[in-house]
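Scope of the values below: all heavy atoms of this structure, side chains included, with no hydrogens, waters or symmetry mates.
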Amino acid sequence: MEFDWLNTFITAAECGNFRRASEILYISQPSVTVHIKQLEKELGILLFNREGKKIKLTEAGRRYLVHAKRLLEVYQGGLQDLHSFTQGYTSQLTLAISPLIADTILPYVLKSYTKQHPEVEITVKIIESTEIEQAVLNEEVDLGLSCLNSTKHDLICELLYKDRVIFVAPHDGRDAETAPPLDEEEVLSSNYLLTHNHPGYWESLSREIKSKYPHVRMMKVSQVHITKRFIIEGLGVSFLPTSTVRRELLEGSLLEVDCHTIHLPEANTYAIMKYEHSKQKEFLKFISNYRL
């Protein structure tokens with residue numbers, strides 16, 4: 001049996017048309033027909049019913065489609081593993097990382113890790129914190145770095161870091177040494193408050209701000225890097241984890257506003273695993289030496 005036959009069969013089954021399958025696979029339509037006939041001969045079953053230009057899986061075809069997908073997955077997985085081995089990799093680690101965490105010093109951490117562990121092939125998936133837990137549970141990834149604690153009892157969750165959240169505003173153009181400090185109430189009353197850029201603390205924080213400043217105008221912005229851009233452009237202000245604005249504070253494009261009436265929360269970083277295998281432990285031990 002040729003694996004090309006399986007790939008053609010799966011593609012044709014999913015799109016329901018031999019012509020469309022030929023376009024997707026970049027082969028001729030007669031080649032698609034030949035592959036299907038050869039597979040049917042090999043299996044001794046009819047895979048499709050032909051209705052003019054349309055095709056429809058037979059009952060046997062629907063049943064075999066499940067096995068064909070598994071066979072092709074195993075075959076492709078073996079090729080990928082062999083390719084990794086020939087490149088010098090002896091182990092693999094798949095990470096799910098939230099966009100917010102990926103926007104900190106994590107690229108530097110990964111660069112350092114790969115230098116010290118060239119035998120490990122790293123795959124990074126950028127996934128929202130709300131979805132990381134399920135990705136770990138489904139074993140789509142080996143380890144998740146999330147802004148949210150896990151609620152699943154069959155997952156292992158470790159608190160890696162606590163990050164101070166600060167109130168930030170755009171630079172007002174005044175000299176930092178001689179100008180008076182920015183006033184919390186004045187900044188909130190004269191700007192949009194950009195909210196919900198972090199999944200962990202905004203529900204309680206926004207309620208507290210509303211109770212103290214009921215007339216504050218809020219705008220939800222889901223991504224931290226977009227929030228920072230909006231603030232720099234003068235569109236609003238926000239409460240952000242220190243690690244995400246460290247560079248902008250040093251460069252002077254953002255300013256920290258002292259808070260006297262609002263209780264500032266903390267932004268946590270969690271490691272979520274299904275198994276505490278050696279590769280997960282090794283990576284967490286390495287990353288714990290850095291401040292995200």
inquiry  = Set out, in order, the CA-CA distance, both residues' side-chain angles and the distance that settles side-chain contact (heavy atoms from CB on, under 4.5 Å) for Ile231 and Leu240, then state yes or no.
reply    = CA-CA 11 Å; Ile231 298 173; Leu240 295 172; 4.2 Å; yes
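- Between Glu256 and Arg164, at least one side-chain N (NZ, or NE/NH1/NH2) sits under 4.0 Å from a carboxylate O, which counts as a salt bridge.
- In this structure, Glu131 CD and Glu140 CD are separated by 10.0 Å, a value rounded to the nearest 0.5 Å.
- With rounding to the nearest 0.5 Å, the separation of NZ in Lys220 from CG in Leu193 is 12.0 Å.
- Annotation for Ile126 and Ser98: closest pair CG2-C, 4.5 Å, computed over non-hydrogen atoms.
- Judged purely by atom type and a 3.5 angstrom limit, Lys279 uses its side chain to pair as donor or acceptor with the backbone of Gln92.
- Taking each heavy atom of Lys125 and Thr94 in turn, the nearest pair found is CE-CG2, 4.2 Å.
- Checked by atom type and distance alone, the side chain of Glu208 pairs as donor or acceptor with a backbone atom of His263 at under 3.5 Å.
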message = Could you walk me through whether Lys41 and Gln38 satisfy the side-chain contact (heavy atoms from CB on, under 4.5 Å) test, starting with their C-alpha distance in whole Å, then the side-chain angles of each, then the deciding distance to 0.1 Å, before giving a yes or no?
response = CA-CA 5 Å; Lys41 182 179 179 181; Gln38 287 173 323; 5.7 Å; no
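- Between Cys157 and Asn149, the shortest heavy-atom contact is SG-OD1, 3.0 Å.
- Aromatic ring orientation, Phe18 versus Phe48: perpendicular (interplanar angle above 60°, classes split at 30° and 60°).
- Here the CG atom belonging to Leu160 is positioned 10.0 Å from the CD1 atom belonging to Ile272, to the nearest 0.5 angstrom.
- Taking all atoms of both residues into account, the shortest heavy-atom contact from Ala169 to Val187 is CB-CG1, 4.3 Å.
- Within the 4.5 Å cutoff, no side-chain heavy atoms of Phe239 are placed close to those of Val257.
- Within 6.0 Å of the CD atom in Glu59, the count of heavy atoms belonging to other residues, nucleotides or ligands does not exceed 12.
- Proximity of Thr227 to Thr244: side-chain heavy atoms (C-beta onward) are nowhere separated by under 4.5 Å.
- The two residues Asn7 and Leu25 come nearest to each other via the heavy atoms ND2-CD2, 3.6 Å.
- For the atom pair Met218 CE and Leu194 CG, the distance stands at 10.5 Å (nearest 0.5 Å).
- Ring-plane geometry between His117 and Phe286 is classed as perpendicular, the angle between the planes exceeding 60 degrees on a 0 to 90 degree scale with a lower cut at 30.
- With contacts defined as side-chain heavy-atom distances shorter than 4.5 Å, the pair Ile55/Ile36 does not qualify.
- Hydrophobic clustering (ILVMFWY, side-chain heavy atoms < 4.5 Å, transitive): Val120 and Leu145 are in one cluster.
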request  = Go through the steps to decide whether Ser150 and Glu133 satisfy the test side chain to side chain donor-acceptor pair (under 3.5 Å), and finish with yes or no.
outcome  = CA-CA 6 Å; Ser150 175; Glu133 185 181 59; 2.7 Å; yes
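- Side-chain atoms of Glu158 do not come within 3.5 Å of backbone N or O of Ala271 as any donor-acceptor pair.
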task = Evaluate the side-chain contact (heavy atoms from CB on, under 4.5 Å) criterion for residues Gln280 and Asp142: first the C-alpha distance (whole Å), next the side-chain angles of each, then the deciding distance (0.1 Å), finally the verdict.
result = CA-CA 7 Å; Gln280 284 94 329; Asp142 300 308; 3.8 Å; yes
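- Proximity of Val168 to Glu248: side-chain heavy atoms (C-beta onward) are nowhere separated by under 4.5 Å.
- Atom CG of residue Leu264 and atom OH of residue Tyr201 lie 10.0 Å apart, to the nearest 0.5 angstrom.
- A salt bridge does not link Lys69 to Glu73: none of the charged side-chain nitrogens sits closer than 4.0 Å to a carboxylate oxygen.
- Looking only at side-chain heavy atoms (C-beta outward), Leu235 and Val221 stay at 4.5 Å or farther from each other.
- Grouping the Ile, Leu, Val, Met, Phe, Trp and Tyr side chains by contacts below 4.5 angstrom, directly or via other members, places Tyr161 with Ile101.
- Side chain of Lys210 to main chain of Val216: a donor-acceptor pair is present (N/O by atom type, distance under 3.5 Å, no hydrogens or angles).
- Summarising the local packing, CZ of Arg63 is surrounded by 12 or fewer heavy atoms from other residues, nucleotides or ligands at distances under 6.0 Å.
- Residue Glu266 places its CD atom among more than 12 non-hydrogen atoms of other residues, nucleotides or ligands, all under 6.0 Å distant.
- Using a 4.5 Å cut-off between side-chain heavy atoms of Ile, Leu, Val, Met, Phe, Trp and Tyr, with links allowed through other members, Tyr64 and Leu72 fall into the same hydrophobic cluster.
- Here the closest heavy-atom approach between residue Phe167 and residue Glu184 is recorded as CE2-O, 4.2 Å.
- Counted by atom type alone, Tyr113 and Glu282 present one or more donor-acceptor pairs between their side chains at under 3.5 Å.
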request  = Dump the intermediate steps for side-chain contact (heavy atoms from CB on, under 4.5 Å) on Gln29 and Glu23, then the final yes or no.
outcome  = CA-CA 8 Å; Gln29 187 170 333; Glu23 293 173 352; over 6 Å; no
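- Hydrophobic clustering of Ile, Leu, Val, Met, Phe, Trp and Tyr side chains at less than 4.5 Å, counting indirect connections, keeps Val245 apart from Val237.
- Within the 4.5 Å cutoff, the side chain of His196 has no heavy atoms near those of the Ser222 side chain.
- Note that CG of Asp163 and OG1 of Thr242 are 5.0 Å apart. Values are rounded to the nearest 0.5 Å.
- Remark: side-chain polar atoms of Lys228 are not paired, donor with acceptor, to backbone N or O of Leu254 under 3.5 angstrom.
- Between Arg50 and Glu40, at least one side-chain N (NZ, or NE/NH1/NH2) sits under 4.0 Å from a carboxylate O, which counts as a salt bridge.
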ask   = Are Ser129 and Tyr270 close enough, and set up right, to give a side chain to side chain donor-acceptor pair (under 3.5 Å), and what steps lead you there?
value = CA-CA 10 Å; Ser129 290; Tyr270 298 93; over 6 Å; no
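- Ring geometry for Tyr275 versus His277: interplanar angle under 30°, hence parallel rather than tilted (30 to 60°).
- Using a 4.5 Å heavy-atom threshold, the side chains of Ile27 and Asp4 count as separate.
- Every side chain to side chain donor-acceptor pair (under 3.5 Å) that Ser238 has, sequence neighbours left out, goes to Asn197.
- Counting only residues at least two apart or in different chains, salt bridge (charged side-chain N to carboxylate O under 4.0 Å, His left out) contacts with residues 231-241 comprise Arg229-Glu233.
- Other residues, nucleotides and ligands place more than 12 heavy atoms under 6.0 Å from the NZ atom of Lys212.
- Under the 4.5 Å side-chain heavy-atom criterion for grouping Ile, Leu, Val, Met, Phe, Trp and Tyr, Leu284 is connected to Tyr108 within one hydrophobic cluster.
- Leu65 places a side-chain heavy atom less than 4.5 Å from the side chain of Ile10.
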